[in-house]
Amino acid sequence: MTRRQILFLTGFLASAAFTGAVQAENKLAYKPSCTPVYEEIVPLRVPNFDQAAMWKKTVGVQGIDRPRALMRVADGGTIAVGESLSYDEKEGLKPARLQMIRQDKTGKVTVEAYNDVKNLDHVVDAVLKKTAVVVLSSLSGGDMVLTSLNGAGAKKDEKVLHDPKRNLMPMNFVALKAGGFIILAQGTGRNSKGEPYTALLWVDENGKITHVKEYMPGVKSLPWSVRKTDDGALLVAGRVETENGNDAGWLIKAGTDGELIFQRPYQRGADATLRYAAATKDGGVIAIGDAIPAGEGDKAAWVLKTDASGNVVWQKYLTGKYSYAAVDLDVMEDGRIETVWAASPTSFGGRKFARAVTLTNEGYLLGDESFLEGSNAIPFRVIQTGDKRVMLGMAETGFSQEKREDELQYVTYDTWIMGMPELPAFKNPCASAGEKKLDDLP
């Protein structure tokens with residue numbers, strides 16, 4: 001055997017051994033554990049942008065297009081709602097308009113509609129109710145508005161919500177089966193400079209505020225989202241100021257009448273917030289947010305699992321050479337937890353992109369996907385439509401002439417909607433076994 005053959009064989013064997021070790025390591029790394037680790041820091045890998053997409057669309061005007069809500073439609077398509085601000089070099093930004101984009105199941109845009117709303121500050125959220133898309137927006141001056149659109153994006157109705165006692169900044173809302181809505185808002189007094197607080201407002205179908213429930217008045221708080229559980233409870237995520245002046249993540253679970261089931265702060269690092277919460281299949285709560293470390297380090301992604309009473313079961317901190325902000329959360333039918341994060345470059349450089357991380361109910365990392373569109377991309381929502389996933393965000397499709405730090409940095413961003421590939425099949429090895437029978441022979 002020649003020296004070249006010996007070197008080749010040695011290198012081949014070493015490569016095979018290395019490959020086998022990596023495969024074995026990966027196999028071990030993805031062996032699920034049914035015992036939760038109470039607290040764990042998980043460094044995420046370098047983002048891989050070679051993820052396949054079913055389809056991708058960017059829609060918008062010359063200016064800022066900022067989507068806020070994404071809804072499934074019965075025909076398998078989606079409706080996205082947000083605000084749009086056209087831009088002119090001489091006149092600057094024009095007033096915000098309500099934007100609605102409808103797509104069929106293949107991703108083809110079938111509706112692109114814009115509506116004027118008097119004194120519109122920004123769109124907050126939208127829900128699909130019967131034959132209308134109901135959009136919640138914030139108005140300048142401390143009021144709110146509910147705007148109803150038909151399937152073609154035309155305005156059907158509009159109801160301004162005014163509270164004489166409070167300035168209200170709406171954050172999120174849910175529709176009630178019996179009719180009407182529950183709106184989550186940050187409130188302040190009309191004639192005072194008191195600390196902003198968290199409130200839930202019950203609104204009937206005629207746009208009248210029928211009931212208001214305040215939580216921790218006198219303590220500074222910022223609510224972020226409200227969601228309903230399958231049993232009809234409300235889960236509110238946000239942040240609250242602690243006695244030492246720091247911000248802590250905050251969860252509220254209440255009945256549909258507003259009565260508390262539990263409310264708890266969760267501290268982490270120097271400051272922390274929880275942005276979205278959802279019920280898990282075992283009756284607990286999963287919440288996502290972001291936390292600033294007490295020492296050096298970038299803002300980390302924070303995933304928190306509690307039991308039905310709000311006690312922590314496990315928590316994960318997803319780190320890497322990016323700063324992360326939580327943007328959406330979905331608990332799938334099979335119990336998997338899909339989280340979506342807006343990743344922003346730090347001192348290491350890079351571009352803004354969307355990161356989707358999938359975990360088991362026990363907190364084990366199953367998947368990590370990264371998506372980029374244009375020069376930069378910022379995600380906002382993800383939903384399941386049948387066996388597919390759809391992500392909504394905004395993408396930088398042009399180049400601004402100068403670097404800006406204010407609102408004008410987004411004048412080259414359009415609404416971005418993407419059909420994501422189906423997740424791999426999953427069978428939860430930690431699920432309880434089926435009911436046993438004594439006589440199970442054929």
Practice problem: Output all residues satisfying side chain to side chain contact (heavy atoms under 4.5 Å, CB included) with Gln315, sequence neighbours left out; order by chain, then residue number. | Solution: Tyr38, Glu39, Trp302, Leu304, Val312, Tyr317
Self-check item: Side chain to side chain, Arg97 and Glu83, heavy atoms closer than 4.5 Å
Solution: no
Quiz prompt | Test item: Thr110 side-chain N/O and Arg102 main-chain N/O as donor-acceptor pair under 3.5 Å | solution = yes
Quiz item: If you measure from CG on Leu98 to CG on Leu149, what distance do you get to the nearest 0.5 Å?
Solution: 5.5 Å
Quiz prompt | Residue of the set Ile383, Thr78, Leu392, Val81 for which side-chain contact (heavy atoms from CB on, under 4.5 Å) holds with Met71 | solution = Val81
Quiz item: Is the NZ or CZ atom of Lys129 both under 6.0 Å from the centre of the six-membered ring of Phe181 and within 45° of that ring's axis?
Solution: yes
Quiz item: Are Phe49 and Phe353 close enough that their ring centres sit under 6.0 Å apart?
Solution: yes
Self-check item: Cation-pi geometry met for Arg275 and Trp224 (6.0 Å, 45°)
Solution: yes
Self-check item: Residues forming a side chain to side chain contact (heavy atoms under 4.5 Å, CB included) with Lys220, sequence neighbours excluded
Solution: Glu195, Pro196, Glu241
Quiz prompt | From Leu318, Leu44, Val340, residue fulfilling side-chain contact (heavy atoms from CB on, under 4.5 Å) relative to Arg355 | solution = Leu44
Quiz item: With sequence neighbours excluded, what pairs up with Lys156 under the salt bridge (Lys or Arg N to Asp or Glu O under 4.0 Å) test?
Solution: none
Quiz item: salt bridge (Lys or Arg N to Asp or Glu O under 4.0 Å) with Asp143: which residues, sequence neighbours excluded?
Solution: Arg190
Quiz item: Is there a side-chain hydrogen bond (donor to acceptor under 3.5 Å, both in side chains) between Gln99 and Thr415 once you walk through the steps?
Solution: CA-CA 10 Å; Gln99 179 192 65; Thr415 294; 2.9 Å; yes
Exercise. Using a strict cut-off of less than 4.0 Å between a Lys/Arg side-chain nitrogen and an Asp/Glu carboxylate oxygen, indicate whether Lys352 and Glu396 qualify as a salt bridge.
Key: no
Got a list of side-chain donor-acceptor pairs under 3.5 Å for residues 418-425, not counting sequence neighbours?
none

Quiz item: Can we say Glu158 and Lys118 salt-bridge, meaning some charged N sits less than 4.0 Å from an Asp/Glu carboxylate O?
Solution: no
Quiz item: Given Tyr197 and Tyr215, is the ring-ring contact (aromatic ring centres under 6.0 Å, His included) satisfied, shown in steps?
Solution: CA-CA 7 Å; Tyr197 56 86; Tyr215 297 89; 9.9 Å; no
Exercise. Among Val203, Leu184, Val127, find the residue that satisfies the side-chain contact (heavy atoms from CB on, under 4.5 Å) test when tested with Phe173.
Key: Val127
Quiz item: Do any N or O atoms from the side chain of Ser221 and from the backbone of Thr198 form a donor-acceptor pair under 3.5 angstrom?
Solution: yes
Quiz prompt | Qualifying residues under salt bridge (Lys or Arg N to Asp or Glu O under 4.0 Å), relative to Glu243, sequence neighbours excluded | solution = none
Quiz item: Salt-bridged, Arg227 to Asp328, with N to O below 4.0 Å?
Solution: yes
Quiz prompt | Arg66 NZ/CZ over Tyr410 ring centroid, <6.0 Å and within 45° of normal | solution = yes
